[in-house]
Amino acid sequence: MLKSTIFGIDLAKNIIQVCEISKHGELVSNKAVSRQKLKELLAKAKPAVVAIEGCGSSHYWGRYAQSFDHDVRIISPKKVKGFLQGHKTDANDALAIANASLQIGLKSSKPKTEQQQTIQTLETSRFHLSRSITSLSNHLRAMLYEYGIVSARGVKALTTVVQDTLNDAESIPECLLSTVNHYG
């Protein structure tokens, strides 16, 4: 016999699979619900274990469930995979998530606070922006090199070369000036 009900939730964008296991270890239901129905279910249910597979919206849903005093466990997809029975379907995934949450010693995590998630989002965005800027700079250097214009390393050096190229409009074909101008 369990201490509380377990909800194994397989998240998706619109339709979410929810597997409910009673205190007695019996499968109560395993059905697809809308986002709104999941909110209603979490709000009405007595405090329970809410097990969620780690994914893009798991921290949002975890915080939401915590607001109703549920014990939230975010479980790594790699750990859940070991409990999957049969083909990979939403219903089987939700059941595997619920079963994984029952295991003693299985490591799970708690939802990030909104502040922690914001910091992580900013760090990730900076990383991707930095990679994009580097990629664009390399592309622009290569494009200018095709017309005999060489730039030293670094953003400052490239910016100077771009400004010089725009000032000397005859150094590259006129149709490419707008592309170079977007960088400068």
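A side-chain hydrogen bond (donor to acceptor under 3.5 Å, both in side chains) with Q17 holds for exactly one of N30, D93, T89, D90; it is N30. Under the side chain to side chain contact (heavy atoms under 4.5 Å, CB included) test applied with V162, the options N167, L140, I149 reduce to a single match, L140.
At least one donor-acceptor pair under 3.5 Å links the side chain of T121 to the backbone N or O of Q117. Remark: side-chain polar atoms of S135 are not paired, donor with acceptor, to backbone N or O of R131 under 3.5 angstrom. Counting only distance, with no hydrogens or angles, the side chain of S130 and the backbone of F127 share no donor-acceptor pair below 3.5 Å. A distance-only check finds no donor-acceptor pair linking the side chain of R73 to the backbone of S108 [under 3.5 Å]. Remark: the backbone N or O of K37 is paired with a side-chain donor or acceptor of S34 at under 3.5 angstrom. Remark: side-chain polar atoms of H59 are not paired, donor with acceptor, to backbone N or O of P111 under 3.5 angstrom.
The OG1 atom of T113 sits 7.5 Å away from the CD1 atom of I119 when rounded to the nearest 0.5 Å. In this structure, CD1 in I74 is found 11.5 Å from CD1 in I97, a value given to the nearest 0.5 Å. In this structure, CG in L177 is found 9.0 Å from OG1 in T165, a value given to the nearest 0.5 Å. Here the CZ-CD distance, from F83 to Q103, works out to 4.0 Å after rounding to the nearest 0.5 Å. Between K112 atom NZ and S58 atom OG the span is 7.5 Å, to the nearest 0.5 Å. In this structure, the separation between CG on L41 and CD on E20 is 6.5 Å, given to the nearest 0.5 Å.
For I9 against L38, the heavy-atom pair with the smallest separation is CD1-CD1, 3.9 Å. Here the closest heavy-atom approach between residue G62 and residue V72 is recorded as O-CG2, 3.4 Å. Nearest heavy-atom pair, P47 versus F68, reported as atom, atom and distance to 0.1 Å: CG-O, 4.4 Å. Shown here for A51 and S101, the closest heavy-atom pair between the two residues is CB-CB, 3.5 Å. Residues Q66 and K110 share a closest heavy-atom pair of NE2-CD, 4.4 Å.
Transitive grouping of hydrophobic side chains (ILVMFWY, heavy atoms separated by less than 4.5 Å) brings L102 and V49 into a common cluster. Side-chain heavy atoms closer than 4.5 Å link hydrophobic residues (I, L, V, M, F, W, Y) into clusters, and following such links, even through other members, never connects L95 to V80. Grouping the Ile, Leu, Val, Met, Phe, Trp and Tyr side chains by contacts below 4.5 angstrom, directly or via other members, places L166 with Y147. The same ILVMFWY cluster, assembled from side-chain heavy atoms under 4.5 Å apart, contains both I52 and V33.
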* Test log, rule side chain to side chain contact (heavy atoms under 4.5 Å, CB included), inputs D71 and S4 -> CA-CA 10 Å; D71 175 18; S4 63; over 6 Å; no
* Mind running side chain to side chain contact (heavy atoms under 4.5 Å, CB included) on L27 and C19 for me, showing each step along the way? => CA-CA 8 Å; L27 179 63; C19 175; 3.4 Å; yes
* To do: Tell me, with the steps shown, if Q85 and N92 meet side chain to side chain donor-acceptor pair (under 3.5 Å).
  => CA-CA 7 Å; Q85 298 173 358; N92 287 344; over 6 Å; no
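A heavy-atom distance below 4.5 Å is found between the side chains of I16 and R35.
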